[in-house]
Amino acid sequence: MRYSQLFTKTIKEAPADETAKNAQLLIRAGYIHKEMAGVYSYLPLGKIVLDNIAQIVREEINAIGGSEVELSILQPKDIWEKTDRWDDEKVDNWFKSTLKNGTEVGISLTNEEQLANALRSFISSYQDLPVYIYQIQKKFRNELRAKSGLMRGREFLMKDLYSFSRSQKEHDEFYEKAATAYKKIYGRLGIGDITYRTYASGGIFSKYSDEFQTLSDVGEDTIYIDERKKIAVNKEVFNDEVLRELGLKKDELVEKPAVEVGNIFSLGTKYADALDVHYMDEKGSRNSIIMGSYGFGISRMMGLLAEHFADENGIIWPESIAPFKVYLAVFGADNTVLKQAEKLYEDLQKSGVEVLFDDRDVRPGEKFADADLIGCPHRVVVSEKSLKVGGVEYKKRDFDKSQIMKTDELHKQLA
RNA sequence: CGGGGAUUGGCGCAGUUGGCUAGCGCGCGCGCUUUGGGAGCGCGAGGUCGCCGGUUCGAGUCCGGCAUCCCCGACCA
């Protein structure tokens with residue numbers, strides 16, 4: 001993409017109404033636009049990053065048998081009444097609206113009811129199960145207090161997966177598979193080393209749920225980590241009895257702030273039973289369906305990554321999710337130089353390298369500053385100076401020094 | 001929802017005990033000079049000072065109410 005075609009513009013000073021680093025960086029670099037507290041629009045660069053994160057999640061969930069769907073955002077009230085989650089006393093962060101004819105509808109904040117209910121049309125036999133259904137879609141939650149930029153919004157992008165199993169054993173096996181898939185995702189996003197599977201409060205059907213917590217100073221959660229075992233316990237369930245049960249020793253644990261970047265739950269038969277969805281087994285008797293839900297905040301992850309992968313000059317995206325692999329700048333308005341840059345831009349694209357080509361007629365300093373702020377992992381400069389010494393100038397975003405390369409060498413470097 | 005802070009051109013800010021035509025920096029447009037880490041000079045465009053009401057000869061400034069934003073706390077099935 002050509003920089004000159006970008007809809008956005010970088011700004012030097014962070015807006016005064018944001019104090020969260022992730023929001024400041026993403027707004028300054030032109031990734032997002034704030035609409036109101038806790039609600040952001042994604043601009044061209046931001047949309048690409050969001051899609052890149054979603055794609056990694058999609059690939060790993062598909063790999064464990066997930067089927068992607070897109071559920072409606074408007075939801076009927078009656079299914080929520082069946083599970084007793086419609087009342088504002090029970091769930092206080094609903095957005096609700098009313099149709100012209102007076103019918104109340106809910107605006108999607110999660111989808112257990114909806115999906116379990118839809119299952120009735122398609123699941124009747126043990127031969128139809130298990131199924132693993134997920135979507136990557138906006139969620140709306142009427143948070144009392146949105147905060148920390150993308151970390152806690154009222155509208156956010158989430159991957160939500162729901163498993164429907166025939167037995168506890170079948171459920172448990174998938175649950176572990178999902179946990180493994182999550183680990184792979186964090187690895188691909190570059191935060192595998194600071195993300196911990198964490199015991200958290202479970203609910204009715206299991207003592208614990210599993211959260212994935214990434215260490216971060218902006219985290220809302222406090223976790224206790226056992227570095228040797230690579231697991232952690234959320235403060236909300238932290239006590240002597242729990243530690244004994246989990247075989248953890250208090251003096252081996254380290255307390256750290258963390259961000260919840262995933263949460264997997266066993267839901268037992270509560271939802272399917274409440275919505276009266278069952279399956280027939282081999283012997284012809286009706287059985288309950290066991291559910292699990294597996295959340296992953298895509299937009300929150302974008303905020304976390306921007307916050308984590310950054311220095312004083314801007315963002316440093318991991319290659320796996322960067323909007324473009326390369327920031328290519330051309331200096332000066334000399335025709336020969338411009339032609340060389342254009343050619344390099346085309347050649348790189350032909351070989352499948354995503355390039356943001358800064359074709360603006362602005363001074364070098366501004367291009368350097370924008371390159372750092374936007375944070376593509378590789379920077380290439382074509383200039384009279386570089387051509388004179390035989391090539392182009394290459395620098396990794398997180399390196400101090402650049403080097404001169406011939407273009408074929410550069411192609412190899414970026415391959 | 002409790003507490004604290006804020007709201008003045010697109011962005012960041014100043015504006016004294018109420019007083020002339022509301023300023024500055026960035027950004028934007030034009031011109032000239034520049035051209036390797038957000039250039040310099042000049043000219044210029046752009047603001048019903050968050051909204052409603054009140055006090056006053058006169059309100060960005062004082063008073064009341066409301067809205068919005070940020071932070072702390074509570075909340076986060």
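Chain naming here is simple, since letters A, B, ... match the order of the sequence lines and numbering starts at 1 in each.
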Original post:
What does nucleotides 3-13 of chain B look like as a protein-contact string, B for base, S for sugar-phosphate only, - for none, at under 4.0 angstrom between heavy atoms?
Top reply: --------SSS
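In summary, the side chains of Asp160(A) and Tyr134(A) do not present any donor paired with an acceptor at a separation below 3.5 Å, with no hydrogens or angles considered. Tyr162(A) and Gln114(A) form no side-chain donor-acceptor contact under 3.5 Å, judged by distance and modelled atom types alone. Side-chain contact of Tyr40(A) with Arg154(A): a donor-acceptor pair under 3.5 Å is absent, judged by distance alone.
When the P atom of rA39(B) is taken as reference, atom CG of Asp361(A) falls 13 Å away, rounded to whole Å. Summarising the geometry, the separation between CD on Glu143(A) and P on rG73(B) is reported as 15 Å, rounded to the nearest angstrom. Atom CG of Asp217(A) and atom C1' of rC71(B) are 17 Å apart (whole Å). For the pair Leu338(A) CG and rU35(B) P, the computed distance is 17 Å after rounding to whole Å.
Comparing atom distances between the Leu373(A) side chain and each of rG36(B), rA74(B), rG38(B) picks out rG38(B) as nearest. The side chain of Thr10(A) sits closest to rG38(B) out of rG38(B), rC72(B), rG37(B). Nearest nucleotide to the Asn93(A) side chain, out of rA77(B), rG38(B), rG36(B): rA77(B). Distance from the side chain of Asp92(A) is smallest for rC75(B) among the nucleotides rG36(B), rC70(B), rC75(B). Proximity note for Arg379(A) (side chain, C-beta onward) versus rA74(B), rG37(B), rG36(B): the nearest is rG37(B). Nearest to the side-chain atoms of Lys395(A) among the listed nucleotides rG38(B), rC1(B), rG37(B) stands rG37(B). Each of rC71(B), rG36(B), rG38(B) was ranked by its minimum atom distance to the side chain of Thr19(A); first place goes to rC71(B). Closest to the side chain of Val91(A), from the set rA77(B), rG38(B), rG37(B), is rA77(B).
A distance of about 15 Å separates the C1' atoms of rC20(B) and rG15(B), rounded to the whole Å. For the P atoms, the distance from rG37(B) to rA74(B) is 49 Å, rounded to whole Å. With C1' as the reference atom, rU56(B) and rG10(B) are 35 Å apart, rounded to whole Å. Distance check on atom C1': rC66(B) versus rU7(B) gives 14 Å, rounded to whole Å. With both ends at atom C1', the span from rG25(B) to rG9(B) equals 13 Å, rounded to whole Å. Comparing rC24(B) with rC57(B), their C1' atoms are spaced 32 Å from each other, to the whole Å. Distance check on atom P: rC30(B) versus rC52(B) gives 36 Å, rounded to whole Å. rC11(B) and rG27(B) have their P atoms separated by 15 Å, given to the nearest Å.
Proximity of residues 296-305 of chain A to RNA chain B (heavy atom under 4.0 angstrom from any strand atom) is not detected for any residue. Contacts between residues 36-46 of chain A and RNA chain B, defined by a heavy-atom separation under 4.0 Å, are made by Met36(A), Ala37(A).
Here rG18(B) sits opposite no nucleotide as a Watson-Crick or G-U wobble pair (both hydrogen-bonding atom distances under 3.5 Å). Pairing partner, rG42(B): rC30(B), with both Watson-Crick or wobble hydrogen-bond distances short of 3.5 Å. Across all strands shown, rG73(B) pairs with rC1(B); the Watson-Crick or G-U wobble distances both stay below 3.5 Å. The pairing partner recorded for rC13(B) is rG23(B), the criterion being a Watson-Crick or G-U wobble arrangement whose two distances lie under 3.5 angstrom. Across the strands present, rA6(B) finds its partner in rU68(B); the criterion is a Watson-Crick or G-U wobble pair with both atom distances under 3.5 angstrom.
One finds no side-chain N or O of Arg141(A) lying less than 4.0 angstrom from the OP1 or OP2 phosphate oxygen of rA77(B). For rA39(B), one of the phosphate oxygens OP1 or OP2 lies less than 4.0 angstrom from a side-chain nitrogen or oxygen of Arg363(A). Between Lys34(A) and rC70(B), a side-chain N or O to OP1/OP2 separation shorter than 4.0 Å is present.
Just one residue in the list Tyr327(A), Tyr31(A), Phe324(A) forms a ring-ring contact (aromatic ring centres under 6.0 Å, His included) with Trp317(A), and that residue is Tyr31(A).
The pair Glu155(A)-Lys138(A) meets the salt-bridge criterion, since a charged nitrogen lies less than 4.0 angstrom from a carboxylate oxygen. Taking the charged nitrogens against the carboxylate oxygens, Lys235(A) and Glu260(A) have no contact shorter than 4.0 Å, which rules out a salt bridge. We find that Lys90(A) and Asp84(A) are joined by a salt bridge, their nearest charged nitrogen and carboxylate oxygen being less than 4.0 Å apart.
Here ring-ring contact (aromatic ring centres under 6.0 Å, His included) pairs that include residues 364-387 of chain A, with residues two or more places apart or in two chains, are Phe331(A)-Phe368(A), His378(A)-Tyr394(A). Pairs of residues two or more places apart, or lying in two chains, that qualify as salt bridge (Lys or Arg N to Asp or Glu O under 4.0 Å) and include a residue from residues 61-71 of chain A are Arg58(A)-Glu68(A). The salt bridge (Lys or Arg N to Asp or Glu O under 4.0 Å) contacts involving residues 21-36 of chain A comprise Asp17(A)-Lys34(A), Glu18(A)-Lys34(A), where partners must be two or more places apart or lie in separate chains. Among residue pairs with one or both ends in residues 368-381 of chain A, those qualifying as salt bridge (Lys or Arg N to Asp or Glu O under 4.0 Å) are Arg360(A)-Asp370(A), Asp372(A)-Arg397(A), Arg379(A)-Glu393(A); sequence neighbours excluded.
Of the residues near RNA chain B, Tyr271(A) and Arg154(A), the one whose nearest nucleotide (by heavy atom distance) lies more toward the 5' end is Arg154(A). The 5' end of RNA chain B is approached more closely, in terms of each residue's nearest nucleotide, by Asp372(A) than by the other of Leu109(A) and Asp372(A).
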Original post:
Does the side chain to side chain donor-acceptor pair (under 3.5 Å) test come out yes or no for Glu112(A) and Thr110(A), once each step is laid out?
Top reply: CA-CA 6 Å; Glu112(A) 284 86 358; Thr110(A) 184; 2.7 Å; yes
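For Lys169(A), the salt bridge (charged side-chain N to carboxylate O under 4.0 Å, His left out) criterion is met by Glu173(A), not counting sequence neighbours. Judged as a salt bridge (charged side-chain N to carboxylate O under 4.0 Å, His left out), and not counting sequence neighbours, Asp226(A) has no contacts.
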Quiz: residues 338-349 of chain A side-chain donor-acceptor pairs under 3.5 angstrom, not counting sequence neighbours:
residue   : atom : partner   : partner atom : Å
Glu342(A) : OE1  : Arg2(A)   : NH2          : 2.9
Glu342(A) : OE2  : Arg2(A)   : NH1          : 3.1
Lys343(A) : NZ   : Asp347(A) : OD2          : 2.7
Tyr345(A) : OH   : Met1(A)   : N            : 3.1

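Here Tyr186(A) and Phe296(A) bring their ring centres to under 6.0 angstrom of each other.
Nucleic acid contact class of Glu393(A) (heavy atoms, under 4.0 Å, all strands): base.
Classification of the His171(A)-Tyr175(A) ring pair by plane angle, with boundaries at 30° and 60°, yields tilted.
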Identify all pairs in which a protein N or O lies below 3.5 Å from an N or O of nucleotides 42-44 of chain B, and state each distance.
none

Could you list, one pair per line, each protein nitrogen or oxygen that sits under 3.5 Å from a nitrogen or oxygen of nucleotides 27-33 of chain B, together with the distance?
none

